Amino acid sequence: MFTIYHNPRCKKSRAGLKHVIDNNMEHQVREYLKEPLSEAELTSLVMKLHVKPFALIRTQEEYYRKELKGLNLNDEEWIKVMVENPKLIQRPIVEGKYKAVVGDPVENIQSL
């Protein structure tokens, strides 16, 4: 069973969900803007992605550019920023039992 962290307003997120469906991957959808992740959930997800938390920040978002750009935050602080501002999280993210990937491009999902 896979979990896809999805924003239905995002073209890339919709493409990732379509890929999961088209490949008959058993999944559940979590619209993370409606049901935000906790710090523990996001920390676990970052570990499964094998990235630093900052790698998940959408640096093109206006909030990042105006409020966060240039700040020297540690990993825990970036996690808190994303929990408080889930719109900043890259999407879609597809999570399996032991591994997760950012589904942009959708071909990344195949590695699961």
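Here the structure is a predicted model, which is why all the values come from computation and not from measurement.
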Could you check if a side-chain atom of Val20 sits within less than 4.5 angstrom of a side-chain atom of Val106, using non-hydrogen atoms only?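 No - every pair of side-chain heavy atoms lies 4.5 Å or more apart.
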In the structure I gave you, are the side-chain heavy atoms of Ile109 and Met25 within less than 4.5 Å of one another anywhere?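 Heavy-atom side-chain distance check passes, below 4.5 Å.
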Any link between [X] and [Y] through a network of hydrophobic side chains (Ile, Leu, Val, Met, Phe, Trp, Tyr) touching at under 4.5 Å?
{"X": "Leu56", "Y": "Leu73", "answer": "yes"}
{"X": "Leu45", "Y": "Ile4", "answer": "no"}
{"X": "Val51", "Y": "Tyr64", "answer": "yes"}
{"X": "Leu112", "Y": "Val29", "answer": "yes"}
{"X": "Met1", "Y": "Ile21", "answer": "no"}

To the nearest 0.5 angstrom, please state how far the [atom1] atom of [X] sits from the [atom2] atom of [Y].
{"X": "Tyr63", "Y": "Asn85", "atom1": "OH", "atom2": "CG", "answer": "4.5 Å"}
{"X": "Phe54", "Y": "Ile79", "atom1": "CZ", "atom2": "CD1", "answer": "13.0 Å"}
{"X": "Asp104", "Y": "Lys11", "atom1": "CG", "atom2": "NZ", "answer": "11.0 Å"}

Should Arg58 and Glu61 count as an ion pair when the cut-off is N to O under 4.0 Å?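 A salt bridge links Arg58 with Glu61.
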Criterion side-chain hydrogen bond (donor to acceptor under 3.5 Å, both in side chains) against Glu62, the qualifying member of Arg65, Lys66, Gln60: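 Output: one option passes, namely Lys66.
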Would the distance check show the side chain of Ser44 and the main-chain N or O of Ala40 forming a donor-acceptor pair, the cut-off being under 3.5 Å?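 No, Ser44 side chain to Ala40 backbone: no donor-acceptor pair under 3.5 Å.
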Closest heavy-atom pair and its distance - Val101, Asn108: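 Looks like CG2-O, 3.6 Å.
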Taking all heavy atoms of Pro36 and all of Glu41, pick out the closest pair and write down the distance.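 Scanning both residues completely, I find the closest heavy atoms to be O-OE1, 4.1 Å.
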Step-by-step side-chain hydrogen bond (donor to acceptor under 3.5 Å, both in side chains) determination, Gln110 to His19: CA-CA 9 Å; Gln110 288 305 116; His19 183 83; 2.6 Å; yes
Which residues pass the side-chain contact (heavy atoms from CB on, under 4.5 Å) test with Glu35, sequence neighbours left out?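 Checked Glu35 against side-chain contact (heavy atoms from CB on, under 4.5 Å); matches are Arg30.
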Between Asn7 and Lys12, is the side-chain contact (heavy atoms from CB on, under 4.5 Å) condition met? List the steps. CA-CA 9 Å; Asn7 177 353; Lys12 292 176 181 179; over 6 Å; no
For residues 86-100, tabulate all N or O donor-acceptor pairs below 3.5 Å that involve a side-chain atom, not counting sequence neighbours.
| residue | atom | partner | partner atom | Å |
| --- | --- | --- | --- | --- |
| Gln90 | NE2 | Ile57 | O | 3.4 |
| Glu95 | OE1 | Tyr5 | OH | 2.6 |
| Glu95 | OE2 | Lys48 | NZ | 3.0 |

Inter- and intrachain pairs under side chain to side chain donor-acceptor pair (under 3.5 Å), touching residues 71-84, at least two apart: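 Residue pairs passing side chain to side chain donor-acceptor pair (under 3.5 Å), neighbours aside: Lys52-Asp75.
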